[in-house]
Amino acid sequence: GAAMGMGTTTGGAFGSGDGNGFAELNWEPTPAPTPLPTDLPTPAPVDNCIVCDDVETPWMTSNGKDCTTSNLINTKCNKNDNWTTKKWCRLSCYNAGNGYPGDVCCSSSSRMRNLREASR
């Protein structure tokens, strides 16, 4: 019966250790606070404007339609995914108040010319 007692000591040398010494430290480097990009200049509508072109769609071209006079400006532009991707009639869309996301076109002098009666 003497052999029975060998090696049955509960826990042994490693029982209470379990590497807890490291867990108690629980050391994690505190990430440095990421500075918010507040020092970036906010683009002013006039200074950082882009020269927008007015390119008709192939359908408009073949049907003699013009960006500046077409009523598509009220129904397409940023309301249509294909137009948004291709940026058709970019300037006319912007002037009509239907500009593409992020667009700030330089020539917005004719903005008031396109009153949005057809937007209903």
Side-chain angles (χ1 to χ4, degrees):
M4 292 295 291
M6 300 286 289
T8 58
T9 317
T10 316
F14 304 100
S16 59
D18 282 339
N20 278 346
F22 292 106
E24 285 164 16
L25 290 176
N26 203 13
W27 184 81
E28 289 183 19
T30 306
T34 306
L36 294 172
T38 48
D39 51 352
L40 294 176
T42 306
V46 180
D47 296 342
N48 286 11
C49 66
I50 51 178
V51 179
C52 297
D53 50 16
D54 246 0
V55 179
E56 286 82 12
T57 68
W59 179 89
M60 290 173 70
T61 304
S62 60
N63 285 273
K65 302 287 184 185
D66 187 76
C67 286
T68 54
T69 56
S70 173
N71 60 353
L72 290 174
I73 299 304
N74 292 310
T75 58
K76 302 289 190 179
C77 296
N78 62 11
K79 303 172 185 175
N80 179 284
D81 289 340
N82 185 44
W83 277 51
T84 301
T85 303
K86 305 283 192 193
K87 296 201 188 296
W88 300 116
C89 297
R90 196 170 184 181
L91 181 60
S92 291
C93 289
Y94 179 80
N95 288 342
N98 298 323
Y100 299 111
D103 277 7
V104 181
C105 299
C106 293
S107 284
S108 56
S109 56
S110 57
R111 175 185 286 247
M112 296 311 294
R113 182 169 53 92
N114 293 321
L115 295 177
R116 298 171 68 178
E117 292 125 2
S119 64
R120 302 184 86 192

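All residue numbers refer to positions in the sequence shown, counting from 1.
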TODO: Output all residues satisfying side-chain contact (heavy atoms from CB on, under 4.5 Å) with Asp81, sequence neighbours left out; order by chain, then residue number.
DONE: none

Task: Partner set under side-chain contact (heavy atoms from CB on, under 4.5 Å) for Ser70, not counting sequence neighbours - done: Met60, Leu72

Task: Gamma sulfurs of Cys67 and Cys89 within less than 2.5 Å - done: yes

- [ ] For residues Cys49 and Cys105, report the shortest heavy-atom separation together with the two atoms involved.
- [x] CB-C, 4.0 Å

[X] vs [Y] side-chain heavy atoms within contact, under 4.5 Å:
X      : Y     : result
Tyr100 : Tyr94 : no
Cys52  : Ile50 : yes
Thr57  : Trp83 : yes

Task: Results of salt bridge (charged side-chain N to carboxylate O under 4.0 Å, His left out) for Asp53 - residues two or more places apart only - done: none

Task: Partner residues of Asp66 under the side chain to side chain donor-acceptor pair (under 3.5 Å) criterion, sequence neighbours left out - done: Thr68

Task: Those residues that, when tested against Asp54, pass side chain to side chain donor-acceptor pair (under 3.5 Å) (two or more places apart) - done: Ser92

Please report the interatomic distance [atom1]([X]) to [atom2]([Y]), rounded to the nearest 0.5 Å.
X     : Y     : atom1 : atom2 : answer
Cys93 : Lys87 : SG    : NZ    : 10.0 Å
Asn80 : Lys86 : CG    : NZ    : 12.0 Å
Glu56 : Trp88 : CD    : CH2   : 9.5 Å

TODO: Using modelled atom types only, decide if a donor and an acceptor are shared between the side chain of Lys65 and the backbone of Trp59 within a distance under 3.5 Å.
DONE: no

Open item on the list: Show me the pairs that pass salt bridge (Lys or Arg N to Asp or Glu O under 4.0 Å) and involve residues 90-99, at least two apart or across chains.
Closed with: Arg90-Asp103

